[in-house]
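Single-structure report; data block below.
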Amino acid sequence: MVMDDTYFMKQALLEADKAAERGEVPVGAVVVCRGRIIARAHNLTETLNDVTAHAEMQAITAAANVLGGKYLTDCTLYVTVEPCVMCAGAIAWAQTGRLVFGADDEKRGYQRYAANSLHPKTEVVKGILAEEAAARMKAFFQSKR
């Protein structure tokens with residue numbers, strides 16, 4: 001089995017599905033370090049009554065705990081939807097080596113409000129399984145209307 005960006009994004013999509021099952025906005029994330037998933041997370045803002053409990057924030061915290069340090073320089077964060085400004089800031093503070101995301105978030109994504117908010121050394125790859133991620137978001141919000 002080839003473990004590439006598509007494989008790891010599929011793992012993040014599984015996390016997004018877990019979020020949707022809990023009534024959370026379906027965003028999932030995984031952190032990969034040296035080819036191995038070290039953290040999995042999904043949105044928990046409703047469950048925890050915490051506006052900061054985004055998938056990325058949960059994943060960064062879990063990965064830092066696994067590594068025993070706050071920097072994710074040798075890691076890739078896979079997230080199904082473009083991070084918001086808050087999460088982009090956390091990704092920057094963690095000095096995350098790579099960010100890979102699926103669907104753009106035109107309303108609340110960091111690219112719209114703070115395109116330069118990531119760490120200058122963070123490599124960004126976007127659009128991996130974007131249609132699958134966008135479809136989950138669309139279905140979730142349609143079910144709420």
Would you say [X]'s side chain and [Y]'s backbone share a donor-acceptor pair under 3.5 angstrom?
X: Ser143; Y: Phe140; result: yes
X: Asn43; Y: Ala55; result: yes
X: Glu82; Y: Asp105; result: yes
X: Thr80; Y: Ala133; result: no
X: Glu24; Y: Thr47; result: yes
X: Tyr110; Y: Met86; result: no

Which atom names give the shortest non-hydrogen contact between [X] and [Y], and what distance separates them?
X: Ile38; Y: Cys75; answer: CD1-SG, 4.2 Å
X: Glu56; Y: Cys84; answer: OE2-N, 4.4 Å
X: Ala29; Y: Ala59; answer: CB-CB, 4.0 Å
X: Leu67; Y: Tyr71; answer: CD1-O, 4.0 Å

So, do [X] and [Y] sit near enough that their side-chain heavy atoms are less than 4.5 Å apart?
X: Gln11; Y: Tyr7; answer: yes
X: Glu132; Y: Met9; answer: no
X: Phe101; Y: Pro83; answer: yes

Is there a continuous path of hydrophobic side-chain contacts, each under 4.5 Å between heavy atoms, that joins Val30 to Ile91? no

With sequence neighbours excluded, what pairs up with Ala39 under the side chain to side chain contact (heavy atoms under 4.5 Å, CB included) test? Val31, Ala62, Ala63

Charged N-O contact under 4.0 Å between Glu15 and Lys18: yes

